[in-house]
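One structure is given below, encoded as structure tokens.
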Amino acid sequence: MSKLQNNQEIAQIHAMLDELPSATQITDSIVNELSTVQDVVRYLVSVFSCHNIFVGHGTDNYWDEALEIVQAVMHLQPPCDDSTLNSKLTKLERQIIAKIACQRIIERIPTPYLTHRAFFCGKEFYVDDRVIIPRSPIAELIENGFDPYIDKRPDRVLDMCTGSGCIAIAIAQHFDCDVEVDAVDISDEALDVANINIEGYGLENVVTPIKSDLFNDLPKGDKYDLIVANPPYVDSYDLATMPTEFDKEPDLALGSGDDGLDCAKRILADAVNYLNEDGILIMEVGNSEEHLVDLFPTVPFHFVDLKRGGTGVFILSVEQLRAYHEKFQKAADEVLNAK
């Protein structure tokens, strides 16, 4: 074989490798050519890589993303036992997996919206595109019982911007349901999903969903030992440059003004009025942490060192909220006046 012929064959191979498999090809391969869980997962990893999908809605790599799709179809809970990898899938299972995989790849729909399940604090939650997909690093604090930031079990907790209700439910279950949790959100649709999860865990007498624009519609004089807030916090630049998968999530749950802090400023201003004397506020602002520190350079935010990853989760005591209330109120007023 001449050097020219060899180069041509190499070029043809590279062209074949670079060609993106179509939905029809993906479906045909999964349904007609593959057999076991490992076969399908390995193939999905390949096509996910070819299509350069984004992972970050419950997984951080293609293998786990593929495995979650297969496990969901098999009605299995993670983590998958190694012996499961050798299990043969039925044709119907492969057909369902193929349909989900094609939607995941072609339409860029996050996996939890396709399987209608997401995991938070080791618990399964129903999700659909009415709520943001659970992924808050606050889970680490809940699993640690908020140690060392609270001295005793809280009697009343407020979960602000509850979404699917995952934080409220995880808190209630961590404290063996010996706590009252109010789950607040402005979205009726989000509260419908939260209700599905509250009822699914039988927590109707423990977790109370409440519609409110942050604190605006809460009863005056209500006091909590702990307020946990995971508000929208994506700034305008990040919102405009995020991967396509994020476009499938509710806009209301992501963006919050140019600096991503519109909701956070209002929470900082009002939380002091809803905390007991030894109460604390825990809030997540993610990548907008830098904006927050620049805006309030003298405020001693305690940002938590999260062992499992994640950024922008801070803690303030009621005394600190009171001490800097004037600054917080001024920033909140500017947000409200700009609307």
Side-chain angles (χ1 to χ4, degrees), residues 54-58 60 120-121 132-144 146-150 158-163 166-167 170 214-215 226-243 245-246 249-272 275 279-335 338:
F54 172 83
V55 292
H57 291 92
D60 61 7
F120 183 79
C121 286
I132 195 170
I133 296 165
R135 52 183 177 273
S136 173
I138 289 174
E140 183 177 322
L141 297 181
I142 298 172
E143 290 173 348
N144 292 333
F146 301 103
D147 183 63
Y149 306 109
I150 60 175
L158 172 60
D159 172 24
M160 181 60 74
C161 306
T162 194
C166 62
I167 288 178
L214 300 181
F215 292 97
L226 171 64
I227 296 174
V228 179
N230 182 19
Y233 56 69
V234 181
D235 65 34
S236 57
Y237 174 79
D238 283 349
L239 198 61
T241 58
M242 294 175 91
E245 279 81 353
F246 289 96
E249 296 188 288
D251 291 340
L252 193 63
L254 292 172
S256 192
D258 287 343
D259 60 3
L261 296 174
D262 281 6
C263 287
K265 293 168 189 174
R266 294 174 57 197
I267 293 170
L268 286 168
D270 292 339
V272 65
L275 280 169
I280 63 170
L281 167 69
I282 297 176
M283 181 152 58
E284 179 180 349
V285 292
N287 291 342
S288 293
E289 173 183 337
E290 183 178 348
H291 297 312
L292 185 73
V293 173
D294 288 344
L295 183 63
F296 302 113
T298 61
V299 176
F301 296 104
H302 173 73
F303 285 93
V304 180
D305 180 17
L306 296 160
K307 308 301 183 187
R308 301 205 300 258
T311 60
V313 176
F314 69 83
I315 296 173
L316 286 176
S317 68
V318 68
E319 293 90 348
Q320 291 168 324
L321 288 166
R322 188 176 293 121
Y324 295 93
H325 181 259
E326 186 175 339
K327 294 179 183 294
F328 296 147
Q329 189 63 60
K330 180 181 178 183
D333 289 342
E334 289 173 354
V335 171

Mind checking salt bridge (Lys or Arg N to Asp or Glu O under 4.0 Å) for D259 and listing every partner two or more places apart, or none if nothing turns up? K265
Quick one: OH on Y324 to NZ on K330, what's the gap to the nearest 0.5 Å? 16.0 Å
Could you tell me which non-hydrogen atom of M283 sits nearest to which non-hydrogen atom of A264, and how far apart they are? CE-O, 3.7 Å
At what distance, to the nearest 0.5 angstrom, does CG of L254 lie from CD1 of I132? 4.5 Å
I'd like to know if the side chain of E284 reaches the main chain of S136, judged simply by a donor and an acceptor atom lying under 3.5 Å from each other, with no hydrogens or angles considered. no
Take I280 and L275 through the side-chain contact (heavy atoms from CB on, under 4.5 Å) test and state the conclusion after the steps. CA-CA 7 Å; I280 63 170; L275 280 169; 5.8 Å; no
As an exercise, state the distance from CD1 of I138 to SG of C166, rounded to the nearest 0.5 Å. 9.0 Å
Between CG of N230 and CD1 of I167, what distance do you get to the nearest 0.5 Å? 4.5 Å
When you measure from the side chain of S288 to the backbone of V234, do you find a donor-acceptor pair of N or O atoms at a distance under 3.5 Å? no
Check salt bridge (Lys or Arg N to Asp or Glu O under 4.0 Å) between E249 and all other residues, then give those that pass, not counting sequence neighbours. R135
Take atom CG in L239; do more than 12 heavy atoms of anything else shown fall under 6.0 Å from it? yes
Show the nearest heavy-atom pair for residues Y233 and G286, with the distance to one decimal. CE1-CA, 3.5 Å
Between E140 and N144, is there a side-chain donor-acceptor contact under 3.5 Å, judged purely by atom types and distance? no
Taking every non-hydrogen atom, the tightest pair across G255 and P232: O-CB, 3.5 Å
Could you pull out all donor-acceptor pairs under 3.5 Å where a side-chain atom in residues 290-306 meets a protein atom, sequence neighbours excluded?
residue : atom : partner : partner atom : Å
H291    : NE2  : D235    : OD2          : 3.0
H302    : NE2  : Y149    : OH           : 3.3
D305    : OD2  : K307    : NZ           : 3.2

Residues, nucleotides or ligands: over 12 heavy atoms within 6.0 Å of Y237 OH: no
I'd like to check L214 versus C161 (side-chain heavy atoms, cut-off strictly below 4.5 Å). Are they in contact? yes
Minimal non-hydrogen separation, D262 against G257, with atom names: OD2-CA, 3.5 Å
To the nearest 0.5 Å, what is the distance between CG (D270) and CD (Q329)? 6.0 Å
Take a 6.0 Å sphere around CG of D333 and say whether it holds more than 12 heavy atoms from other residues, nucleotides or ligands. yes
Where E289 and G312 come nearest, the two heavy atoms and their spacing: OE1-N, 3.2 Å
Within this structure, what is the CG-CG distance for the pair L268 and L281, rounded to the nearest 0.5 Å? 6.5 Å
Looking only at heavy atoms, which two atoms of A271 and F215 are closest? And how far apart? CA-CZ, 3.8 Å
